[in-house]
Each structure stands twice: as structure tokens, then as C-alpha cells.
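Taking it in order: structure first as C-alpha cells, then the write-up.
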Amino acid sequence: MSKLNGLNRRAFLKGASMTALAGAVGTGSTVSAAAATTPGMINGKYDFDTPYSRIGTDCVKWDSQIALFGDKVKVGMGIADMDFRAAPCIGEAMAERMKHENWGYLSAEAYATFREVIAEWNLDRYNLTVDPNSIVIATGVHPGLIATLKTFSPPGSKVLLMTPTYNGFYSDLTHTQTLRNESEMIFENGRYTVDWDDLEARMTPDTQSMLLCNPQNPTGNVWSEEDLLRIGELCLKHQVTVLADEIHADFVRPGEKYTPFASLPDKEIVDNSVSFKAITKTFSMPASKNAYWFSTNPVMLERIKINHNAGINTLGVVANTAAYKHGKDWIDQLLPYLDANHSYVEDFIKENMPRVGYTKAQGTFLSWLHFDDIMEDLDVVGKSAASQKTDQPMTETQVFESWLVDNSGVQLNDGEGYGKGGERCMRMNIGCSRQVLGTALKSMAAAFRKV
Ligand SMILES: Cc1ncc(COP(=O)(O)O)c(C=O)c1O
């Protein structure tokens, strides 16, 4: 689908970076210059407010969208990584390590130290005791999930999901040749809740694993201890292993509480689970490829390890260790900024986009938007059907995604990718400066006024 050939892509991106960011923030040259010179802090506070251009860095969020849709893209609000300049402690630690110019294999001690740093973060921040020896380092949450699915869910069997859910889970099913078993959540008064009867009915003998997302991408739900216990009890009863993906754990709005699945007050339930976490999303560095998984069940742990072999990369470990050890203040300052972004989205939609359905997320840096009326008016059903006869078939929400880029310059993630219940929704990443967020929302509102 790319409209660019490999040779001229970089030159295009350079030009596009000026156009796109200029569109996104109004005064392109001033902001680009500011982004290049802005120190990480202003008056002792981390600076999340100055737009930080990532264009031309080969990033998915901006560059891939420009490559796909062309220079109509003004604002990339898709894939779940944030636009912020990373915490200074990360760059500093990496620069220090760069002084030694050899990056050979890391020792077993390096892995052990890293596991201890991970355990300390979980204890300090969430009062969660994780035995460092039970932690397995991975190059991402996905490789861990795939190894675990391979262990418990044979090809052709089903994996339980509560939908709409993280679109990347579906690629894990493809990798393991397993099938989706989707329990659509109940959507009422703007909130998603578990459909308990449906969930249990789906725990049939051909379903051995459940992929649970907490906090939930894309709805932003932060599951309560009560909900998690009930899910855990059902899974135990029906011999379904719980794969708790908690990569969004660090993003919870004030007044909400993240409950680690591994902290539930029932040993049998916890022993029936594997937890997957990473700090990479928290600190704007998911491509440093560092994640981990752990379980209190030694038998499960050993069985999964047979399917999992990951080597860690030196700079990834340096960056992640720096974040765990010295990044607390950065994320503590970022959370209120993101909370204000959530409120900004809520207020803006109420005032300017009355046809868009939105409820403020409890956690994550994601907004899950409902576009029922607008999609109907745009006849996404008819357009998707017509596209099936072309060489670019599109789902209904991809039709909408493309329309939105054409008419507002804003790229969002298409809802159908998130499974059942996502058919009239889109996901918007709000992990960016307020200025960029404002530009995206204003451009969308202007486009919807013409529908
Ligand atoms: C719920 C969830 N799990 C996993 C991932 C990806 O994790 P990783 O990059 O560590 O494989 C994402 C990224 O968006 C996510 O939202």
C-alpha cells in the first residue's frame, strides 16, 4: 500500500516532517526549532508540553502513516507509544555506556541484576513481591505470550479474550495457530463490563488459555480486585490458564487502582496465572525490546521456558535499568499531565463533537471513541463492500480511518482490529503534548461538521 519507493522515502519524510508537524502545531519552523533545543526540563519540571517531533526517525506512529497515507497525515494518533522525550536519566545512562565501544554477550550476572531491579520496582511501586528467580527476561511482551500459548494451547485450540481487546493479541494467535474465542464485553452507559455468563460459557474444554489485559487496551478499563478474582475463579474451575498482560500497569488515573493479578489473595488462582510486564511503554522506549514474565507456579514456569529463549540487548538493559532506578519522578510528573489530557479530550468532545461517544478511561494513555452515527452517514458498510472488489480491500473501520486521514489529517487505529465490539470504534493515543492533541481534536471536529 505504500505510496513511496524505498529510494526516495527518507527525502520525502524529511520534507513531510516539516509539513506534518507544521500542520499539527500551527507554526512548523518555530516548533521544530524549539523541539531541537528544548532541554528535558523547565524550571525543575519535566517538559511534556513542548511538541517533540519524531518524524524522520522511522517510527510507526508518524513515519509509517506518512508512508502509507502520504502527506495528508498531519497528526499520528495511532500505535501505543508516546511522543514524549524520554526521561533524561535514560539518555544519560546510554551515553555513559556508549563510551565503551564493545557490546559483546552479557553475563548471567547481568541478567540476575536486571531481574533484581525489576523485582524492586514492583515491590516499591505496587507492593508486589516477585521472586527475582521467577522472572524471565523477554525481548517484548509478545514473545512471552507466544511461548506461553505454545505451552498451554495447542494449534487449533481456542484462546479466550474479552473484547474489544488489544489488537496485537490476534497476531499472537496467528503465531501459535490458535483460534479466537471472543467474549464481547457489555457496553452500557459508556462503560465496559464483563459478560460473566458468556465468559463462563466460553470456557469449554477446547479453550485452555485466556489473554487478560489489565489495565485494558483499548477501553482503558482498570479491573478491580473483585473482577480479577471472579475471572481467576472461573479460569481455575474450567482449567483455563490466565495470561495477565499488565504492560499498561503504570498508567492509572488518580483515584483508580491497578491490582496485579499476581497479588490476588488466593494462591490457587495466582498459581494458575502467568504475568507479563514491561517498563518500556511507561518510558517511551518500547523498541528497546525489554519485557519480562513471571509466575508463582514453578511447574508452569519451567514448561514455558522450554518454548522461550531470549537474549537481552546491552543498551536496552542499560536504558531500562536507568528508568527503573531513576525514572520514578518522571512518570510521577507525567501521570497528571496525561490525566489532564484525558480531561481535555472529554471536555472537547462534549463541547465540539456531540456525535462522538466517549467515556474517560480509568487508565492507559488511550481513548476509545464511538462513531456510530458518523460511520453510518459515511456509509462505511457500502464502501467496505465495494473495496472488496479492488486490490485494496478495507474493513468498515479502515474505510473510516482512511476518510479521517483524507478529511482531517488525523490517523487513528481502526476499531475492528480490536475484535468483536470494535465495529464502530476507533482508538486514539493521547500520549502527546496538549498542543498536538488539540490540533488532532480540532481537525477532527472540523471534518465531522461537514458530514
Ligand atoms: C496490551 C499490550 N500488550 C503488549 C504490547 C506490546 O508489547 P511489546 O512491545 O513488549 O511486545 C502492547 C503494545 O501496544 C500492548 O498494548
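All ligand and atom numbering here is 1-based and tracks the order in the structure.
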- Would you mind telling me if ligand 1 is within reach of the side chain of Pro286, the backbone, both or neither, using heavy atoms under 4.0 Å? neither

- Task: Before signing off on this row, confirm whether Thr280 and ligand 1 have an N or O atom pair separated by under 3.5 Å.
- Result: no

- Check: Tyr418 ring centre within less than 6.0 Å of Tyr166 ring centre: no

- Message: Could you check whether any heavy atom of Cys213 sits closer than 4.0 Å to an atom of ligand 1, since that is the contact criterion I want to use?
- Response: yes

- Write out the residue and atom name of the closest protein heavy atom to atom 1 (C) of ligand 1, then the distance separating them to 0.1 Å. Asp245 OD2, 3.4 Å

- Query: How long is the gap from NZ on Lys61 to CZ on Arg54, to the nearest 0.5 Å?
  - Reply: 6.0 Å

- Which residue supplies the protein heavy atom nearest to atom 6 (C) of ligand 1, what is that atom called, and how far is it? Tyr166 OH, 3.5 Å

- Message: Under a 4.0 angstrom heavy-atom cut-off, which atoms of ligand 1 come close to Gly140?
- Response: 10 (O), 11 (O)

- Which protein heavy atom lies closest to atom 14 (O) of ligand 1, and at what distance to 0.1 Å? Lys281 NZ, 2.7 Å

- Identity and separation of the nearest protein heavy atom to atom 7 (O) of ligand 1: Ile247 CD1, 3.5 Å

- Under a 4.0 Å heavy-atom limit, does Asn217 contact ligand 1 with its side chain, its backbone, both, or neither? side chain

- How close does the nearest protein non-hydrogen atom get to atom 8 (P) of ligand 1, and which residue and atom is it? Val141 N, 3.4 Å

- Query: What closest approach, in Å, do Ser134 and Ser295 show between heavy atoms, and which atom pair accounts for it?
  - Reply: CB-O, 3.7 Å

- Kindly give the heavy-atom pair with the smallest separation between Thr148 and Gly144, and that separation in Å. OG1-O, 2.7 Å

